[in-house]
Amino acid sequence: MTLNRKFFLGFIRIHILYHASQKEIYGVQMIGELKKHGYKVSPGTMYPILHSLEEEGFLKSRKENVRGKIRKYYQITSKGQKILQESRQKIKKLLNEVMAF
Ligand SMILES: [Zn+2]
């Protein structure tokens with residue numbers, strides 16, 4: 001993991017949680033979504049992030065067979081909702097401070 005990626009990891013995690021709160025997500029789809037926002041995240045980075053979010057209880061997953069391939073879909077948990085809500089407040093405060101020029 002590059003230094004920049006480590007630095008932006010929190011942003012990426014919040015972004016993933018946000019989308020998982022809207023509807024179920026899966027790895028490849030989130031890689032594309034983040035790319036649109038200027039984050040280059042490889043599968044080798046994305047999957048460990050999803051796994052740790054699940055291990056920490058912020059996401060839960062289910063497996064589905066999609067054209068012969070097992071795909072893991074993730075959705076947000078109530079613990080995830082809570083931290084997302086907390087993040088929103090912190091983002092607002094941070095925005096107010098760092099963008100106030
Ligand atoms: Zn997005």
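Every value quoted in this text rests on a predicted model; they were computed, and no experiment measured them. Ligands are counted one by one from 1 in listed order, and the atoms in each one are counted from 1 as well.
Among the heteroatoms counted here (N, O or S) of His37, NE2 is the one nearest to the Zn ion (ligand 1). Residue His15 approaches the Zn ion (ligand 1) most closely through its N/O/S atom NE2. Nearest N/O/S atom of Glu33 relative to the Zn ion (ligand 1): this is OE2.
Legend: residues meeting ring pair (Phe, Tyr, Trp, His ring centres under 6.0 Å) with His19, ordered by chain and number and at least two apart, are His15.
Atom-to-atom distance recorded for Ile16:CD1 and Ile76:CD1 is 11.0 Å, nearest 0.5 angstrom.
Ser87 contributes a side-chain N or O that, together with a main-chain N or O of Ile83, makes up a donor-acceptor pair within less than 3.5 Å.
Here salt bridge (charged side-chain N to carboxylate O under 4.0 Å, His left out) pairs that include residues 15-24, with residues two or more places apart or in two chains, are Glu24-Arg62.
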